[in-house]
Amino acid sequence: MKKKALVVSAAGAVLALALSACGGGGTPANEGGGTSAPAASAGGAAGFNAGLENVTNPSDAKGGTLKMAVTEDWDSIDPGDTYYGMSWNLLRIYGRPLVTYNPAPGAKGRELVPDLAESLGESSDDGKTWTYKLRAGVKFEDGTPITSKDVKYAVLRQLDKETFVNGPTYFNDWLDLPKDFKSVYKTPDVNTDSAIETPDDQTIVFHLNKPYSGFDNFAALPATVPVPQAKDTGIKYRDHVVASGPYMFETVEQGSRYVLVRNPHWDPATDPVRKALPDKYEISLGVEANDLDNRIIAGDLHVDIAGTGVQPAALGSIQSDPALRERADNPVSARTWYISILNDNPPLDNIECRKAVIYAADRVGLQNAYGGQLAGDIATSLMPSNIGGWKKLDLYPTANGDEAKAKEALTACGQPNGFETTMTFRSDRPKEQAAAESMQQALAKVGIKLTLKGFPTSEYFTAYAGKPEYTKANGIGLATNGWGADWNDGFGFLSQIVDSRTIRAAGNYNLSVKDPAIDALVDKAFATADTAGRDAVWGEIDQKVMEGAYVLPAVYAKGLLLRGKGVTNQFVTGAFDMYDYLALGVQQ
Amino acid sequence: MTFLQLNDLKVHFPTDDGLVKSVDGLSFQLERGKTLGIVGESGSGKSVTSLSILGLHKGGRAKISGEIWLDGEELVSASQEHVRSLRGKKMAMIFQDPLSAMHPYYTVGDQIIEAYRIHNDVSKKVAKKHAIDMLGRVGIPQPDRRVDSYPHEFSGGMRQRAMIAMALSCDPELLIADEPTTALDVTVQAQILDLMRDLQRDFNAALIIITHDLGVVAELSDDILVMYGGKCIEYGSADDIFERPEHPYTWGLLGSMPRLDREVTERLLPIKGSPPSLINVPSGCAFHPRCAFEPRTGGKGSTVVPDLVETEGGHLVRCHLSREERRDIWATEIKPKLES
Amino acid sequence: MTETILSVEGLEKHFPVTKGLFKSQVGAVKAVDGISFDVRKGETLGLVGESGCGKTTTGRLITRLIEPTGGKITFEGHDITHMKQGKLRPLRRDMQMIFQDPYSSLNPRHTVGAIVGAPFRIQGIETEQGTKKAVQDILELVGLNPEHYNRYPHEFSGGQRQRIGIARTLALKPKLIIADEPVSALDVSIQAQVVNLLEDLQNELDLTYVVIAHDLSVVRHISDRVAVMYLGKIVEVGERAGLYGSPMHPYTNALLSAVPIPDPKQREGRERIRLTGDVPSPLNPPPACRFHTRCWKAQEICKTQEPPLAELAPGHAVACHFPENAPSKTETPATVA
Amino acid sequence: MVTYIIRRLIGALAMLFIVSAVTFSIFFVVPRLAGVTPDDIANRYVGRAATAETVQAVAQKLGLHDPVVVQYGRWVKGVFVGSEYDYGTGVEQCPAPCLGYSFVTKQPVWPDLVDRLPVTLSLAAGASVIWLVIGVSVGVLSALKRRSVFDRGAMIIALAGVSLPPFFTGLVALSLLSYGLGITAPGGAYTPLTENPGMWAYNLILPWLTLAFLNAAAYARLTRAGMLDTMGEDYIRTARAKGLKESKVIGKHGLRAALTPIVTIFGLDVGILVGGAILTENAFSLQGLGKYATTAIAANDLPKIMGFTMLAAFFIVVANLIVDLLYAVVDPRVRLS
């Protein structure tokens with residue numbers, strides 16, 4: 001899941017100076033870390049972190065306008081062409097995928113529940129065929145009934161990655177597509193029943209080219225939101241998305257604002273998942289980051305759609321103002337900031353030298369670099385703590401760096417007085433620059449000299465750190481990295497960053513894990529049917545990555561979210577680690 | 001009652017370097033229809049005199065004392081508003097460089113109309129007709145067409161004529177001209193001097209002409225006042241000053257000017273040194289450092305300020321030498337050298 | 001016949017006037033339109049005329065500050081009409097210029113010593129006792145106190161500054177000095193001092209002057225011969241006494257009668273010639289005799305045929321078909337060599 | 001006059017072409033020199049998990065493999081003739097001036113610019129009027145009351161105005177006035193003038209004041225200097241000598257002359273501002289050309305960058321021409337030859 005980090009605008013930095021002068025950026029003294037939220041009363045919970053496990057300000061009152069805003073627009077509102085987490089969460093108010101997440105706070109929010117489909121998928125042919133029955137009486141905004149053909153067309157159209165460049169490629173990799181099928185536009189009359197069958201208007205059957213027990217996760221992807229073929233206009237569909245959810249688009253001004261109003265043809269009886277409380281959604285795009293935080297504090301806006309936390313300036317004022325702390329939530333998001341240790345160039349091809357780096361690193365220094373305790377807990381494994389199969393690993397117990405162990409490892413790898421290498425980081429991310437500088441100071445103590453090189457985010461993976469040809473030629477040893485889960489299970493998080501077979505000429509996110517044993521385990525995970533068994537395998541993969549010293553985990557990221565004034569039913573869903581946009585309502 | 005009477009007018013400017021005594025006790029009178037020529041070199045205070053008569057230094061940083069009587073009204077003590085209402089109506093002024101004295105962005109006609117309508121509540125059309133008449137009066141060809149042209153479209157002479165038309169538009173009784181022809185060529189200067197003489201006759205106005213050019217003064221003035229170091233050092237009729245001057249500075253001026261009406265003398269008779277600064281005016285007689293006859297005053301020249309004394313029939317001189325000594329020196333030492 | 005130091009034949013200077021899309025030339029301001037005269041060694045030639053007659057341009061042409069459009073200038077036998085600046089530099093030692101405004105012609109940031117000493121440095125001339133001594137001698141020569149060597153121009157009065165300007169021109173003992181309105185910016189008393197100074201220097205250093213001015217009385221006092229210019233042409237040239245005593249060209253007559261005389265008694269007696277209108281624009285001057293539009297004696301011939309500059313009396317030439325005070329009509333007019 | 005305008009228009013067109021060529025090469029030629037392949041560029045616009053084939057296909061679709069000259073030619077053709085765009089289920093005609101389609105939002109650039117122009121125009125119009133009025137009046141008052149408390153105070157505030165960037169003053173103003181006291185509109189609020197002028201002004205009053213604060217300071221200092229100059233001119237003394245009231249002397253004569261340079265600079269400033277007030281629009285989240293510019297640059301969206309650069313350049317060139325023509329109207333002495 002592509003969580004675009006908010007670029008800290010110059011304004012933010014300056015305002016941070018002005019406003020945070022009083023609060024100071026240090027870590028609050030009494031802050032309890034980890035996911036153990038304080039016990040909350042059953043009813044309307046309040047106070048700091050109330051939204052993690054409980055529904056704050058519960059209400060069933062309908063009406064009012066929910067005002068949402070974001071600083072950097074997401075890729076597209078066309079369900080077949082989007083990869084942003086906030087977009088997958090938000091689009092469910094106008095689009096109904098086959099399956100979606102249980103609208104409940106915390107871990108329960110990660111469970112899958114049927115949405116357009118009457119029930120979760122029935123698998124047959126040992127996990128290669130999955131069948132769903134659509135609910136009866138579900139209609140598009142123009143009153144036409146939704147059929148399985150609409151779902152089939154929706155999935156097939158977004159396979160054309162030349163037209164829809166943004167979406168994920170899971171269906172491209174897993175559906176059993178006929179060879180001569182290119183795309184619904186280029187090869188419209190090719191029969192695709194081998195991949196997706198629609199025996200009748202209510203039933204849809206998916207055929208995979210290899211078994212996968214977690215297909216319900218695929219069914220929850222926005223790709224399954226039905227699209228009427230008659231109304232499809234390719235790239236232009238984003239200007240007139242035909243709604244199947246409780247709300248439809250009244251105004252679409254690309255790049256500046258969207259307004260959604262109630263969909264007259266949505267029948268609450270057919271939709272146990274959504275409460276659809278507000279009468280109207282007003283979404284403004286491109287709102288200046290610090291101004292957005294101020295407006296939420298002041299109550300002029302209700303929700304920051306990005307869901308990755310407030311700017312440093314607001315962070316300061318929340319810490320210093322008890323009234324604001326009452327309205328804040330500090331969820332652990334399914335994201336880890338870590339440093340890849342590349343083993344292409346000597347001496348880092350030797351595992352002992354890689355261990356020396358891990359031992360020498362100052363873990364608390366790294367945590368502070370990423371923003372202290374509020375920004376995240378010290379990570380000891382690649383997988384974040386809220387992913388199924390996570391095990392508490394602590395293979396390299398060092399708080400501020402263990403020089404003795406590091407020196408020991410250095411002599412073991414034949415470099416007793418250290419070595420030289422280069423570390424890259426994303427130049428427009430102050431936190432990553434701070435982390436690189438912390439590594440430089442820590443490693444220097446044991447004789448490992450680091451030269452630091454910064455690159456802009458937009459070209460970091462495509463032209464530099466993610467391009468093996470460049471890293472080999474320029475002796476790159478370490479590279480800052482970070483990954484958020486597409487969905488909260490081992491596959492959703494690890495598949496893209498540990499499987500060596502995904503490494504391409506350029507644009508890679510897996511910079512350092514090239515271990516056949518790990519690849520084999522990944523295949524084993526795909527084949528394991530039951531969830532518990534699958535999670536255990538991913539836990540084993542996580543341990544293997546740490547034992548191979550391929551990565552130095554820094555922090556399990558946490559966002560500091562602020563609840564809007566007068567917003568009802570606000571809680572953090574485990575599925576997206578941000579507020580569940582389906583449940584929200586507005587006090588009158 | 002005399003039309004214009006100045007009594008011991010003093011105009012001093014406090015500046016960072018000290019008190020500038022531009023006009024240091026000036027008295028004279030002038031009747032309507034008569035012309036007074038004020039002669040003096042740069043820094044003698046002649047321009048400040050004219051501006052203070054118009055009240056343009058009133059309310060500024062200047063310290064003004066003494067009296068200015070115009071047609072029975074005392075102006076120094078009068079309110080700023082009252083003096084302002086007289087400016088342009090009862091008294092008007094013409095300046096040296098007509099190009100910079102007229103506003104570059106308004107047509108000549110507009111500027112004359114504006115001058116006229118300040119004091120006469122008439123419509124623009126009537127004012128324009130009057131402006132055209134005035135331009136015709138001062139000898140500008142096709143005045144109805146030229147009224148709409150801009151100052152930079154006029155030649156030097158034409159611009160000065162337009163300035164005169166503007167000054168006379170409200171039929172003022174006192175006209176002050178500060179170096180009116182210095183910036184003009186000699187043939188054009190002659191035309192302007194003739195014009196001023198005729199207009200003074202038609203308007204029966206009192207005219208004060210301020211210049212450093214003795215020739216211009218001789219052409220127009222009935223009476224002449226020679227200023228030096230902010231004070232009047234000799235006053236008399238044109239004949240008094242040119243035929244029987246009695247002040248060494250006046251002799252010096254006459255001596256240092258080459259003249260067409262006289263034979264070419266071998267060498268000019270310059271006055272040594274240069275004009276005094278008005279901040280620290282020399283003690284005693286301001287001219288003493290440059291006066292060839294100062295030794296004859298027995299030291300009084302450098303210590304005591306001489307008074308303005310009448311020698312004969314309205315001819316006043318401010319000098320320590322006695323009348324006889326002065327007349328003797330003029331007859332025996334100065335006059336022969338000028339005529340040779 | 002004393003030796004000629006400078007001779008000018010048919011000198012012309014036309015400033016192009018452009019118009020239209022590609023700035024094509026449509027006309028020309030004929031500032032100087034074919035003038036000829038000689039300057040003899042040791043004499044002072046006065047160039048007099050009203051604004052726009054081309055006297056200042058002539059001064060700039062002679063010193064080659066600007067490039068002539070036509071005609072020939074010979075200085076001490078060298079044809080300097082189109083000589084390149086590099087080759088001109090040695091000749092410049094012998095030909096210097098005095099400017100009108102004492103305030104703007106001296107560099108305010110240089111000391112007097114630097115200003116007067118500059119010509120030595122530029123021409124690379126070493127003096128026996130060194131430049132400083134030479135400069136102090138010259139300062140004394142022009143009536144300034146030698147200790148003023150380290151003072152700055154703003155510490156001097158107008159008259160003193162003009163003396164510094166003169167001192168600068170004398171540094172290299174020039175042979176010819178062109179003075180453009182040397183005293184017109186000064187007060188009367190100071191003017192007399194500078195005029196006397198110029199005359200003393202001429203006698204002492206055997207200098208030749210070309211004095212450009214609009215004040216007829218000053219020109220008469222200082223010049224041996226005088227040329228009267230009108231709209232880019234010389235209309236009359238002659239010895240001082242002859243030209244002022246019996247002026248032949250109507251324009252000279254009008255000029256002389258326009259000068260105000262500092263004697264009230266003469267006010268009524270003089271018969272005044274008043275020219276009407278203004279000087280025509282040099283962009284398209286009147287044909288033939290350029291003065292005919294303002295001349296009260298103009299005939300048909302004046303509008304068609306340009307009168308040549310003919311010597312009607314010894315050393316006294318005029319360009320007019322109907323000259324006044326001409327000795328007698330019988331002699332055939334000979335054009336000036 | 002007409003030839004002047006024609007020559008200037010030709011110059012303007014040439015300038016716009018040069019700007020487009022330079023901008024195009026900055027974004028296409030320079031990266032290529034630094035070894036960035038077309039696929040790398042295409043990679044910016046594909047999703048996270050795009051396969052190599054997708055990247056190649058996108059690079060092909062965007063025509064990144066063609067030689068740069070061809071790509072530039074296609075862009076220029078688009079501007080004058082228009083082009084078509086394949087959006088999957090059909091092909092769309094993009095009428096001239098077609099500036100292509102954004103790589104990121106796939107929206108046609110020209111309509112986007114046209115939609116956002118009113119926002120920037122409203123911001124520019126309001127702010128420029130305010131800073132002109134405030135700047136000039138403060139400038140005049142401090143010129144007339146030289147060295148008074150008002151003069152000193154005004155100039156200190158002017159100094160602050162010039163040195164504080166709009167995004168700082170903007171955000172501080174927003175948090176104090178809009179969110180603190182709630183008297184002004186929050187960030188990002190904009191109502192088109194046509195819809196509701198009252199709301200339009202209410203929403204924009206804070207951005208206007210922020211932008212005006214910056215420029216008013218510069219104009220105050222400029223007017224003050226201009227006024228001090230003009231009030232010393234001779235024609236002011238003449239105006240007073242005519243008996244004009246002091247207020248008229250200042251207003252009609254003094255200010256009229258002092259305004260000429262201000263008109264020139266005002267024309268240029270507005271020309272630049274209409275190209276997009278980047279800092280103010282970002283601080284207030286106003287969806288104008290400035291905001292469009294920052295999003296385009298952050299996402300390396302080349303068609304958008306080319307689009308707004310050309311529009312900004314066009315406005316500046318036009319402003320220049322208007323200012324020059326205006327000059328002849330303001331100052332009668334100037335003739336456009």
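The basis for the numbers below is simple: all heavy atoms, side chains too, and nothing from hydrogens, waters or symmetry mates.
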Side-chain (B:Thr181) to main-chain (B:Leu184) donor-acceptor, under 3.5 angstrom
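Pair absent, no side-chain N/O of B:Thr181 close to backbone of B:Leu184.
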
Can a donor-acceptor pair be found, under 3.5 Å and without considering hydrogens, that links the side chain of B:Gln160 to the backbone of B:Pro180?
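Yes, the answer is positive, given that a donor and an acceptor are paired below the 3.5 Å cut-off.
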
Given the options B:Met166, B:Met93, B:Lys89, which has more heavy-atom pairs under 4.5 Å with chain D than any of the others?
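Result: the option with the highest number of such pairs is B:Met166.
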
Quick check for you: among B:His119, B:Glu114, B:Gln96, B:Met91, which has the greatest number of heavy-atom pairs under 4.5 Å with chain D?
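Of B:His119, B:Glu114, B:Gln96, B:Met91, B:Glu114 has the most heavy-atom pairs under 4.5 Å with chain D.
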
Counting only non-hydrogen atoms closer than 4.5 Å, does [X] touch chain D with its backbone (N, CA, C, O), its side chain (CB onward), both, or neither?
X	result
B:Leu51	side chain
B:Gln80	neither
B:Ala115	both

Can a cation-pi geometry be assigned to D:Arg333 and B:Tyr150, taking NZ or CZ under 6.0 Å from the six-membered ring centre and within 45° of the ring axis?
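No, cation not above the ring by the 6.0 Å, 45° rule.
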
Between [X] and [Y], is any pair of side-chain heavy atoms under 4.5 Å apart?
X	Y	answer
B:Pro98	B:Arg161	no
D:Val318	D:Phe315	no
D:Leu273	D:Leu211	yes

Hey, which residues of residues 239-257 of chain D are touching chain B, say heavy atoms under 4.5 Å apart?
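Checking residues 239-257 of chain D against chain B gives D:Arg240, D:Ala241, D:Lys242, D:Gly243, D:Leu244, D:Lys245, D:Lys252, D:His253, D:Arg256, D:Ala257.
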
Can you classify the ring geometry of D:Trp131 versus D:Tyr219 as parallel (below 30°), tilted (30 to 60°) or perpendicular (above 60°)?
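It falls in the tilted class, 30° to 60°.
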
Considering only NZ, NE, NH1 and NH2 on the basic side and carboxylate oxygens on the acidic side, decide whether B:Lys128 and B:Asp148 come within less than 4.0 Å.
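Salt bridge: yes.
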
Neighbour count above 12 (heavy atom, 6.0 Å) for D:Phe314 CZ:
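Open: at most 12 neighbouring heavy atoms sit under 6.0 Å from CZ of D:Phe314.
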
Within 6.0 angstrom of B:Lys129 NZ, more than 12 heavy atoms from elsewhere
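At most 12 heavy atoms, drawn from other residues, nucleotides or ligands, come within 6.0 Å of this atom.
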
Only counting residues at least two apart or in another chain, list the ones meeting salt bridge (charged side-chain N to carboxylate O under 4.0 Å, His left out) with D:Arg224.
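By the salt bridge (charged side-chain N to carboxylate O under 4.0 Å, His left out) rule, D:Arg224 matches D:Asp151.
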
Considering residues at least two apart in sequence or located in another chain, which fulfil the salt bridge (charged side-chain N to carboxylate O under 4.0 Å, His left out) criterion with D:Arg221?
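Per chain and number, D:Arg221 pairs via salt bridge (charged side-chain N to carboxylate O under 4.0 Å, His left out) with no residue.
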
Does anything in residues 100-109 of chain B get under 4.5 Å of chain D by heavy atoms, and if so which residues?
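Answer by number: B:Ser100, B:Ala101, B:Met102, B:His103, B:Pro104, B:Tyr105, B:Tyr106.
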
